[in-house]
S.K.: 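Have a look at this one.
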Amino acid sequence: MPPAFKTLANRMAALAGYPGFEADACLINRYTPGARMTLHQDKNEVNYGAPIVSVSLGLPAVFELGGLERGEPVQTVLLHHGDVLVWGGPARLRYHGVRAVPHGNHPLTGACRINLTFRQAA
Ligand SMILES: O=C(O)CCC(=O)C(=O)O
(Lines give C-alpha, C1' and ligand atoms only; values in the text may rest on other atoms or scores of the structure.)
Protein backbone atom coordinates (compact mmCIF):
# COMPACT_ATOMS: atom_id res chain seq x y z
CA MET A 1 0.00 0.00 0.00
CA PRO A 2 1.42 3.46 -0.80
CA PRO A 3 2.63 5.05 2.45
CA ALA A 4 0.52 8.16 1.76
CA PHE A 5 -2.63 6.00 1.66
CA LYS A 6 -1.76 4.32 4.95
CA THR A 7 -0.99 7.66 6.59
CA LEU A 8 -4.27 9.13 5.38
CA ALA A 9 -6.31 6.17 6.64
CA ASN A 10 -4.59 6.04 10.03
CA ARG A 11 -4.99 9.81 10.54
CA MET A 12 -8.65 9.78 9.55
CA ALA A 13 -9.32 6.91 11.94
CA ALA A 14 -7.54 8.77 14.74
CA LEU A 15 -9.59 11.91 14.06
CA ALA A 16 -12.75 9.81 14.29
CA GLY A 17 -11.74 8.40 17.67
CA TYR A 18 -9.71 5.29 16.75
CA PRO A 19 -6.10 6.28 17.49
CA GLY A 20 -4.63 2.77 17.32
CA PHE A 21 -5.87 1.96 13.82
CA GLU A 22 -3.21 0.59 11.47
CA ALA A 23 -4.52 0.07 7.94
CA ASP A 24 -3.04 -3.05 6.38
CA ALA A 25 -5.46 -3.54 3.49
CA CYS A 26 -7.10 -1.28 0.94
CA LEU A 27 -10.00 -2.49 -1.14
CA ILE A 28 -10.53 -0.44 -4.30
CA ASN A 29 -14.05 -0.28 -5.72
CA ARG A 30 -14.62 1.36 -9.11
CA TYR A 31 -18.20 2.28 -9.96
CA THR A 32 -19.31 3.30 -13.42
CA PRO A 33 -22.71 5.05 -13.68
CA GLY A 34 -25.48 2.66 -12.71
CA ALA A 35 -23.20 0.46 -10.61
CA ARG A 36 -24.15 -0.08 -6.99
CA MET A 37 -23.20 -2.15 -3.98
CA THR A 38 -25.98 -3.91 -2.13
CA LEU A 39 -26.29 -3.83 1.65
CA HIS A 40 -23.75 -6.04 3.37
CA GLN A 41 -21.59 -6.31 6.48
CA ASP A 42 -17.79 -6.25 6.39
CA LYS A 43 -16.91 -9.49 8.12
CA ASN A 44 -13.69 -10.66 6.49
CA GLU A 45 -11.42 -9.02 9.05
CA VAL A 46 -10.06 -10.77 12.14
CA ASN A 47 -10.53 -7.83 14.49
CA TYR A 48 -13.93 -6.11 14.48
CA GLY A 49 -12.51 -3.69 17.06
CA ALA A 50 -10.84 -1.80 14.22
CA PRO A 51 -12.98 0.63 12.21
CA ILE A 52 -13.54 0.85 8.46
CA VAL A 53 -12.15 3.96 6.75
CA SER A 54 -13.79 4.76 3.43
CA VAL A 55 -12.55 7.43 1.02
CA SER A 56 -14.73 8.62 -1.87
CA LEU A 57 -13.27 9.97 -5.11
CA GLY A 58 -14.92 11.18 -8.30
CA LEU A 59 -18.64 11.05 -8.93
CA PRO A 60 -20.92 11.48 -5.92
CA ALA A 61 -22.94 8.60 -4.52
CA VAL A 62 -25.60 7.94 -1.93
CA PHE A 63 -24.23 5.75 0.85
CA GLU A 64 -26.74 3.68 2.79
CA LEU A 65 -26.13 2.84 6.43
CA GLY A 66 -28.50 0.31 7.93
CA GLY A 67 -28.63 -1.42 11.27
CA LEU A 68 -26.99 -4.51 12.69
CA GLU A 69 -29.75 -6.70 11.24
CA ARG A 70 -30.69 -6.94 7.59
CA GLY A 71 -33.99 -5.19 6.90
CA GLU A 72 -33.58 -2.41 9.45
CA PRO A 73 -34.21 1.12 8.13
CA VAL A 74 -31.29 2.80 6.40
CA GLN A 75 -29.87 6.28 6.82
CA THR A 76 -28.46 7.89 3.71
CA VAL A 77 -25.39 10.07 3.33
CA LEU A 78 -24.45 11.82 0.09
CA LEU A 79 -20.73 11.29 -0.43
CA HIS A 80 -18.73 13.72 -2.57
CA HIS A 81 -15.19 13.66 -3.93
CA GLY A 82 -12.78 13.77 -0.99
CA ASP A 83 -15.24 12.71 1.68
CA VAL A 84 -14.03 10.22 4.25
CA LEU A 85 -16.44 8.08 6.24
CA VAL A 86 -15.30 6.13 9.29
CA TRP A 87 -17.45 3.64 11.15
CA GLY A 88 -16.47 1.40 14.02
CA GLY A 89 -17.22 0.51 17.62
CA PRO A 90 -20.88 -0.47 18.02
CA ALA A 91 -21.47 0.57 14.37
CA ARG A 92 -18.69 -1.62 12.97
CA LEU A 93 -21.03 -4.36 11.72
CA ARG A 94 -23.84 -2.13 10.48
CA TYR A 95 -25.13 -3.11 7.06
CA HIS A 96 -24.07 -0.62 4.40
CA GLY A 97 -24.11 -0.18 0.65
CA VAL A 98 -24.10 2.32 -2.19
CA ARG A 99 -27.04 3.26 -4.40
CA ALA A 100 -26.60 3.32 -8.18
CA VAL A 101 -24.02 5.95 -9.08
CA PRO A 102 -25.56 8.68 -11.24
CA HIS A 103 -24.32 9.58 -14.69
CA GLY A 104 -21.78 12.36 -14.68
CA ASN A 105 -18.25 13.33 -15.45
CA HIS A 106 -15.81 14.25 -12.72
CA PRO A 107 -12.78 16.36 -13.71
CA LEU A 108 -10.37 13.95 -12.01
CA THR A 109 -11.92 10.52 -12.47
CA GLY A 110 -14.14 10.95 -15.54
CA ALA A 111 -17.34 8.93 -15.59
CA CYS A 112 -16.70 6.94 -12.46
CA ARG A 113 -16.57 6.87 -8.71
CA ILE A 114 -13.64 5.28 -6.92
CA ASN A 115 -13.86 4.16 -3.34
CA LEU A 116 -10.88 3.22 -1.21
CA THR A 117 -11.87 1.15 1.79
CA PHE A 118 -9.13 0.75 4.36
CA ARG A 119 -9.20 -2.03 6.90
CA GLN A 120 -7.09 -3.55 9.59
CA ALA A 121 -7.61 -7.02 8.25
CA ALA A 122 -4.99 -9.07 10.07
O1 LIG B 1 -18.12 2.31 -2.09
C2 LIG B 1 -18.40 2.54 -0.93
O3 LIG B 1 -18.55 3.69 -0.48
C4 LIG B 1 -18.60 1.38 0.06
C5 LIG B 1 -17.73 0.18 -0.23
C6 LIG B 1 -18.05 -0.95 0.66
O7 LIG B 1 -19.06 -0.99 1.31
C8 LIG B 1 -17.13 -2.08 0.75
O9 LIG B 1 -16.11 -2.13 0.05
O10 LIG B 1 -17.41 -2.99 1.55
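Basis for what follows: all heavy atoms, side chains included, without hydrogens, waters or symmetry-related copies. Whatever order the structure lists them in is the order used to number ligands and atoms, beginning at 1.
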S.K.: Would you check if there is a donor-acceptor pair between the side chains of His81 and Asp83 at a distance under 3.5 Å?
M.R.: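 On atom types as modelled, these side chains do not qualify, holding no pair under 3.5 Å.
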S.K.: Can you pull every nitrogen or oxygen pair between ligand 1 and the protein closer than 3.5 angstrom?
M.R.:
residue: ligand 1; atom: 1 (O); partner: Tyr31; partner atom: OH; Å: 2.4
residue: ligand 1; atom: 1 (O); partner: Arg113; partner atom: NH1; Å: 2.9
residue: ligand 1; atom: 1 (O); partner: Asn115; partner atom: OD1; Å: 3.3
residue: ligand 1; atom: 3 (O); partner: Arg113; partner atom: NH1; Å: 3.4
residue: ligand 1; atom: 3 (O); partner: Arg113; partner atom: NH2; Å: 2.9
residue: ligand 1; atom: 3 (O); partner: Asn115; partner atom: ND2; Å: 3.3
residue: ligand 1; atom: 7 (O); partner: His40; partner atom: NE2; Å: 3.2
residue: ligand 1; atom: 7 (O); partner: His96; partner atom: NE2; Å: 3.1
residue: ligand 1; atom: 9 (O); partner: Asn29; partner atom: ND2; Å: 3.0
residue: ligand 1; atom: 9 (O); partner: Arg119; partner atom: NH2; Å: 3.3
residue: ligand 1; atom: 10 (O); partner: His40; partner atom: NE2; Å: 2.8
residue: ligand 1; atom: 10 (O); partner: Asp42; partner atom: OD1; Å: 3.1
residue: ligand 1; atom: 10 (O); partner: Arg119; partner atom: NH2; Å: 3.2

S.K.: If I compare all heavy atoms of Pro60 with all of Leu78, which pair ends up nearest, and what's the gap?
M.R.: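 Minimum heavy-atom separation between Pro60 and Leu78: CB-CD1, 4.3 Å.
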S.K.: If you measure from the Lys or Arg side-chain nitrogens to the Asp or Glu carboxylate oxygens, is any gap between Asp42 and Arg119 under 4.0 Å?
M.R.: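 Salt bridge between Asp42 and Arg119, a charged N being under 4.0 Å from a carboxylate O: yes.
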S.K.: Any side-chain heavy atom of Arg36 sitting closer than 4.5 Å to one from Arg99?
M.R.: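 Result no, sub-4.5 Å side-chain heavy-atom pair not found.
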S.K.: Testing the basics here: between Ser56 and Arg113, what is the closest heavy-atom pair and its distance to 0.1 Å?
M.R.: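 Shortest heavy-atom separation between Ser56 and Arg113 comes out as OG-NH2, 2.8 Å.
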S.K.: On a heavy-atom basis, which atom in Phe5 and which in Cys26 lie closest, and how many Å separate them?
M.R.: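 For Phe5 versus Cys26, the nearest heavy atoms are CD2-SG, 4.5 Å.
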